[in-house]
Amino acid sequence: MDAMMSASREFFRQPSEEKQKCSNLIDGGGKHSEVEGYGNDEVVNQAEGLSWNDRLHLRVEPEDERNFTKWPAHPKSFRLLEYASRTKRIRDLVFRSIAKLLDLDEDYFLNQISSKDPGFARFNYYPPCPRPDLVLGMRPHSDAGLLTILFVDHDVGGLQVERDGRWYNVPAKPYSLVINLADCMEIMCNGIFRSPVHRVVTNAERERLSLAVFYAVDGETVLEPAPGLLDDERPARYGKFKAKDFGLSFD
Ligand SMILES: O=C(O)CCC(=O)C(=O)O
Ligand SMILES: [Fe+2]
């Protein structure tokens, strides 16, 4: 983990020309970008303001769709493969544990997903920010997919989660992973587990690095609350629909 994080820190500290070799822009520096590569999030709504981060977004699943032309060639020590195979095992373990907690068949959630479902790794780099009072590192959002496995910087906090209109700091503890349930899982759990709204605040003195691995579903996947969770007292809180119809997919 240390080697992976220090290599990616080195990637972000490189001059812009080097990072642009992995750029996510698809029309030679114009306005259009693709999901994969190095860059910034597209500004959808000016009123929301910019986020103070750079990011490198790489597909890790399905394995045969990895696009290594977007993976950094420098630093040479850049790595992700072993980590991504381990996070996949964690994903499966968490799916089984949630199913057990909900008294569902242990493989219920695993049976809903396919080996073609997408997974993305997103390195987020937040440089020190001279005016943390004016800008967020990442705007409030909930993650769209199934599950996010987040590795945060050793000791630089910044991640906050919202509950009942208040923001709470998520502690930054060395070598711990934050497992975040995302929107598609909230639907399948019929809202018993929620997909939290979270954001990142900036830091005036220190840079911060995080690595989110997002597991999502293919756009054609039909989502619905697990039938085993429903009865007269607990009716479905969500309908049945294709993930792509609600923008809940990455492809
Ligand atoms: O940097 C963090 O701690 C959170 C990143 C995040 O929420 C995301 O990439 O979706
Ligand atoms: Fe997030």
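When reading the values below, keep in mind they use all heavy atoms of this one structure, side chains included, and skip hydrogens, waters and symmetry mates. One-based numbering, in listed order, for ligands and for the atoms of each.
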Decide whether [X] and [Y] meet the rule of one side-chain donor and one side-chain acceptor closer than 3.5 Å.
X	Y	result
Glu36	His57	no
Asn67	Thr69	yes
Tyr125	Glu207	yes

How does Leu150 reach ligand 1, if at all, at less than 4.0 Å between non-hydrogen atoms: by side chain, backbone, both, or neither?
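It is the side chain that touches ligand 1; the backbone stays farther off.
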
Side chain, backbone, both or neither: Thr148 near ligand 1, heavy atoms under 4.0 Å
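Looking at Thr148 and ligand 1, no heavy atom falls under 4.0 Å.
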
Starting from [atom], find the nearest protein heavy-atom neighbour and note its residue, name and distance.
atom	answer
atom 4 (C) of ligand 1	Val200 CG2, 3.7 Å
atom 6 (C) of ligand 1	Met138 SD, 3.5 Å
atom 5 (C) of ligand 1	Asn124 ND2, 3.5 Å

Which N/O/S atom belongs to Asp143 and is the closest one to the Fe ion (ligand 2)?
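The atom in question is OD1.
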
Can you name the N/O/S atom of His198 that is nearest the Fe ion (ligand 2)?
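Closest N, O or S atom of His198 to the Fe ion (ligand 2): NE2.
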
Step through it carefully: locate the ring centre of Phe78, locate the ring centre of Phe123, and say whether they are under 6.0 Å apart.
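Between Phe78 and Phe123, the centre distance is under 6.0 Å.
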
Does the gap between the ring centers of Tyr215 and Phe120 come in under 6.0 Å?
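For Tyr215 and Phe120, the ring centres are not under 6.0 Å apart.
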
If the cut-off is 4.0 Å to any non-hydrogen atom of [X], which atoms of ligand 1 fall inside it?
X	result
Phe214	8 (C), 9 (O), 10 (O)
Arg122	9 (O)
Arg208	1 (O), 2 (C), 3 (O)
Asp143	10 (O)
His198	7 (O)
Val152	3 (O)

Any heavy atom of His141 sitting closer than 4.0 Å to ligand 1?
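Judged by the 4.0 Å heavy-atom criterion, His141 does count as contacting ligand 1.
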
Closer than 4.0 angstrom: is that true for some heavy atom of Arg199 and an atom of ligand 1?
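Contact check Arg199 vs ligand 1: negative.
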
For Arg86, look at atom CZ and say whether over 12 heavy atoms of other residues, nucleotides or ligands are found less than 6.0 Å away.
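At most 12 heavy atoms, drawn from other residues, nucleotides or ligands, come within 6.0 Å of this atom.
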
Using the ring of Trp167 (Phe, Tyr or Trp, six-membered ring only), decide whether Arg199 places NZ or CZ under 6.0 Å from its centre and within 45 degrees of its axis.
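Yes; both conditions hold, so Arg199 lies above the ring face of Trp167.
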
Do Tyr175 and His154 have side chains that get closer than 4.5 Å, going by heavy atoms?
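The answer is yes, as the side chains (C-beta and beyond) meet within the 4.5 Å cut-off.
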
Can you find a heavy atom in the side chain of Val178 that is under 4.5 Å from one in the side chain of Lys173?
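Result no, sub-4.5 Å side-chain heavy-atom pair not found.
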
Starting from the C-alpha separation in whole Å, work towards a yes-or-no answer on ring pair (Phe, Tyr, Trp, His ring centres under 6.0 Å) for Tyr108 and Phe95.
CA-CA 8 Å; Tyr108 178 79; Phe95 281 165; over 10 Å; no

